[in-house]
Amino acid sequence: MDTTTTRSVSPIELRRTIPAPPERVFRAWTDPAALSRWFAPSEEFTVIVHEADVRVGGRYRIEMRHRTGRQHIAVGIYREVAGPSRLVLSLIH
């Protein structure tokens with residue numbers, strides 16, 4: 001019996017217009033200190049950027065830790081880095 005499963009992954013594209021200069025928005029996504037300040041889903045979380053190698057092929061690892069100790073970790077690779085107008089990331093589960 002073959003128990004191999006194949007998952008198909010569809011890309012998600014998210015576009016938002018933010019009333020701020022492109023350089024500031026790009027920095028908010030790529031500077032670990034800036035990312036730590038806004039990335040949490042609520043004030044009950046602390047964000048720790050363990051890795052942010054912002055270059056094509058570079059990895060990121062971001063932890064969102066709830067005050068109860070629960071955590072969610074996002075890990076992925078930077079696919080395109082063309083600051084300040086374009087940033088493409090993958091998410092690895």
Side-chain angles (χ1 to χ4, degrees):
M1 172 178 10
D2 184 4
T3 58
T4 305
T5 7
T6 304
R7 285 182 26 187
S8 112
V9 178
S10 299
I12 296 174
E13 183 174 330
L14 178 66
R15 292 178 185 251
R16 295 285 185 264
T17 300
I18 299 171
E23 295 80 11
R24 185 173 177 200
V25 175
F26 189 79
R27 188 172 44 255
W29 275 95
T30 58
D31 176 66
L35 194 58
S36 293
R37 286 191 296 272
W38 73 268
F39 199 71
S42 77
E43 301 221 355
E44 296 181 341
F45 287 83
T46 301
V47 174
I48 304 161
V49 179
H50 295 282
E51 183 177 11
D53 184 8
V54 185
R55 62 182 174 85
V56 174
R59 296 178 57 91
Y60 68 88
R61 184 173 183 270
I62 303 167
E63 176 183 352
M64 291 169 276
R65 187 178 301 160
H66 190 266
R67 64 183 172 153
T68 62
R70 288 180 305 155
Q71 59 184 230
H72 174 75
I73 298 176
V75 177
I77 296 171
Y78 294 96
R79 297 289 185 202
E80 292 181 45
V81 179
S85 61
R86 187 163 173 82
L87 183 65
V88 178
L89 324 154
S90 71
L91 178 63
I92 301 170
H93 296 277

Single-linkage hydrophobic cluster, 4.5 Å side-chain cutoff, [X] and [Y] together:
X	Y	value
Val47	Leu91	yes
Leu89	Ile62	yes
Val49	Val54	yes
Val81	Trp29	yes

Taking atom [atom1] of [X] and atom [atom2] of [Y], what is their separation to the nearest 0.5 Å?
X	Y	atom1	atom2	answer
Arg61	Asp53	CZ	CG	15.0 Å
Arg70	Arg65	CZ	CZ	13.0 Å
Glu63	Phe39	CD	CZ	12.5 Å

Side-chain donor or acceptor of Trp38 paired with backbone N/O of Ala28 under 3.5 Å: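 Looks like yes, one N/O pair under 3.5 Å.
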Can you name the closest pair of heavy atoms from [X] and [Y] and give their distance?
X	Y	answer
Pro41	Met64	CD-SD, 3.8 Å
Ala82	Phe26	C-CE1, 4.5 Å
Arg55	Tyr78	O-CB, 3.3 Å
Val56	Arg79	CG1-O, 3.6 Å

Thr30 side chain near Tyr60 side chain, heavy-atom distance below 4.5 Å: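 They are not in contact (no side-chain heavy atoms under 4.5 Å apart), so the answer is no.
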Flag side-chain contact, heavy atom, 4.5 Å: Arg59 against Ile92: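 Side chain of Arg59 against side chain of Ile92, heavy atoms only: contact under 4.5 Å found.
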Partners passing salt bridge (Lys or Arg N to Asp or Glu O under 4.0 Å) against Glu51 (at least two apart in sequence or in another chain):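 So Glu51 forms no salt bridge (Lys or Arg N to Asp or Glu O under 4.0 Å) with any residue.
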Partner residues of Arg16 under the salt bridge (Lys or Arg N to Asp or Glu O under 4.0 Å) criterion, sequence neighbours left out: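 Partners of Arg16 under the salt bridge (Lys or Arg N to Asp or Glu O under 4.0 Å) test: none.
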